[in-house]
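Take a look at the structure below.
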Amino acid sequence: PDFPKMPRRCYDAAGQMKPQQCRITKRRKKAPTIVVWGDSHAWQMVPALRAAIGDRPVNLVSFLQGACPPMNSRLQTEQERAEKNSCDVMGKTTLRYLRHAMKKGRTIRLVVALSWELYHDVTDEPNADDVLYPGYSNDFIRTNAHKALTGVPRAFRTLGNLKVPTDLVGQMPMVYENAPSCPAGRYRCDLPRRGTMKDEDENLATARRMRSVLVKPAKLIQPSPFFCTNRVCKGTVRGVPAYYDQFHIGARASEKLGPEYFTPTVAKVLKASRRTR
């Protein structure tokens, strides 16, 4: 019941998210548009954005695919082109859409979100926390983590060069691999922040570097205080489960945090729309 639902048109016949634009809300002519781009940590923000938009005249579209960080892959060599995957395609498709929107003078605001620790965990040297709180990985994640080392910074530089108004979502909690079983229900118990927000300082520094190349003002949205104290991240927040599964917050939790953390994003795109009339 806590699965963050998307329109059926966003999925292919196999039930996988399509690496292309998905119109989440019914299109309102002449209304500004919020675009959300990223991996499944962007997907988990969709209920939050819908709640923040409410009945305001704002369109919401997405470019989402699991384990696909927002990248600009050059694919200049024959080998790079041969090794391209759906994440490379997603990046090219998203940036093509944004270039066209900016060229046409459309009023948009981009929200970028990604699972910072999922990729950092692959490419960083192991530390003591990795032993205590191991993260999950597979071949697809490892491949994209290494692609992201150059592809993600290039994507943010491209967004800055295109002057795309952008807000960036910081690290969100995830349940580590060897988390203890919880008598209250799966993922319902409080867990150490050190494990659920692993490598937090490093990931925050990376997010700030990415934000620094965006057109100003670009807000770094950090919803982690909604879930976490200084010591723990909660299994239940404001009466609803914090998590849908090991890697994602639930739809109800996302909806509850939306107005608090994404109302400024909605206000900015509406203000920009009024200026262009």
Side-chain angles (χ1 to χ4, degrees), residues 4 6 10-12 14-22 35-46 62-98 110-127 130 133-159 166 168-177 197-200 202-207 209-211 213 244-249:
M6 299 281 286
C10 298
Y11 299 94
D12 60 22
Q16 300 297 314
M17 202 84 73
K18 296 176 183 177
Q20 61 189 45
Q21 180 193 167
C22 171
V35 182
V36 57
W37 179 24
D39 58 16
S40 60
H41 275 219
W43 164 70
Q44 70 182 356
M45 293 292 104
V46 168
S62 69
F63 292 85
L64 307 173
Q65 192 168 39
C68 284
M71 297 188 294
N72 182 1
S73 305
R74 282 183 173 166
L75 305 178
Q76 290 182 324
T77 68
E78 185 176 336
Q79 181 177 351
E80 287 174 333
R81 289 190 289 272
E83 294 175 350
K84 76 176 180 181
N85 62 19
S86 57
C87 300
D88 300 309
V89 175
M90 172 68 83
K92 295 297 184 186
T93 302
T94 309
L95 290 170
R96 188 182 306 118
Y97 169 92
L98 294 170
L110 177 66
V111 174
V112 178
L114 64 149
S115 179
W116 300 96
E117 178 57 20
L118 193 69
Y119 312 112
H120 177 272
D121 195 51
V122 171
T123 57
D124 193 48
E125 289 293 324
N127 58 29
D130 292 315
Y133 312 110
Y136 174 81
S137 191
N138 58 31
D139 288 343
F140 190 65
I141 292 169
R142 284 187 286 271
T143 294
N144 293 321
H146 289 288
K147 285 174 176 278
L149 290 173
T150 55
V152 169
R154 188 181 298 120
F156 278 88
R157 290 194 298 271
T158 302
L159 294 174
T166 303
L168 175 62
V169 182
Q171 183 177 353
M172 294 288 286
M174 294 190 296
V175 178
Y176 43 93
E177 279 288 277
M197 293 286 291
K198 195 169 65 169
D199 301 316
E200 188 172 2
E202 294 94 326
N203 289 319
L204 177 59
T206 301
R209 285 198 301 274
M210 298 304 103
R211 181 184 61 169
V213 300
Y244 161 67
D245 61 12
Q246 179 183 353
F247 310 105
H248 308 103
I249 64 171

Exercise: identify the closest heavy-atom pair between Met71 and Cys87: CE-CB, 3.7 Å
Those residues that, when tested against Glu202, pass side chain to side chain contact (heavy atoms under 4.5 Å, CB included) (two or more places apart): His120, Asp199
Residues Asp39 and Tyr119: side-chain donor-acceptor under 3.5 angstrom: yes
Side-chain heavy-atom pair Cys10, Lys18 within 4.5 angstrom cut-off: no
Min side-chain heavy-atom separation Glu117-Glu200 under 4.5 Å: no
Gap separating the CH2 atom of Trp116 from the NE2 atom of His41, nearest 0.5 angstrom: 12.0 Å
Smallest separation among heavy atoms of Ala67 and Asn144, with atom names: O-ND2, 3.0 Å
Side-chain heavy atoms of Tyr11 within contact of Met17, under 4.5 Å: yes
By side chain to side chain contact (heavy atoms under 4.5 Å, CB included) - contacts of Thr143 (at least two apart): Asn85, Lys147
Heavy-atom closest contact (Ile141 atom, Asn138 atom, distance): N-OD1, 2.8 Å
Non-hydrogen side-chain atoms of Ile249 and Met45 separated by less than 4.5 Å: yes
Closest heavy-atom pair and its distance - Glu125, Asp130: O-OD2, 4.0 Å
With Asn203, the side chain to side chain contact (heavy atoms under 4.5 Å, CB included) member among Lys198, Met197, Gln171: Gln171
By side chain to side chain contact (heavy atoms under 4.5 Å, CB included) - contacts of Arg209 (at least two apart): Ala205, Thr206
Any donor-acceptor N/O pair, Lys84 side chain to Val89 backbone, under 3.5 Å: no
Heavy-atom check, side chain of Trp37 versus side chain of Val111, under 4.5 Å: no
Heavy-atom check, side chain of Met6 versus side chain of Leu64, under 4.5 Å: yes
side-chain contact (heavy atoms from CB on, under 4.5 Å) between Phe63 and Gln20, worked out: CA-CA 6 Å; Phe63 292 85; Gln20 61 189 45; 5.5 Å; no
Rounded distance [0.5 Å steps], OG1 in Thr166 versus CG in Leu159: 5.0 Å
Shortest non-hydrogen contact from Ser73 toward Arg154: CA-NH1, 4.0 Å
Gap between atom CD of Glu78 and atom CD of Glu83 - 0.5 Å precision: 11.0 Å
Approximate separation, where rounding is to 0.5 Å, of Met174 CE and Asp245 CG: 10.5 Å
Between His248 and Trp43, ring centroids under 6.0 Å: yes
Flag side-chain contact, heavy atom, 4.5 Å: Ser62 against Val35: no
Smallest separation among heavy atoms of Thr123 and Ala145, with atom names: CG2-O, 3.7 Å
Tyr136 OH to Ser115 OG distance, which is reported to the nearest 0.5 Å: 12.5 Å
Side chains of Gln65 and Gln16, donor plus acceptor under 3.5 Å: no
Passing option when Pro69 is tested against Leu118, Val112, Val152 for side chain to side chain contact (heavy atoms under 4.5 Å, CB included): Val152
Main-chain N/O of Ser137 paired with Asp121 side-chain donor or acceptor, under 3.5 Å: no
Nearest-0.5 Å distance, CZ of residue Arg211 to CG of residue Leu168: 8.0 Å
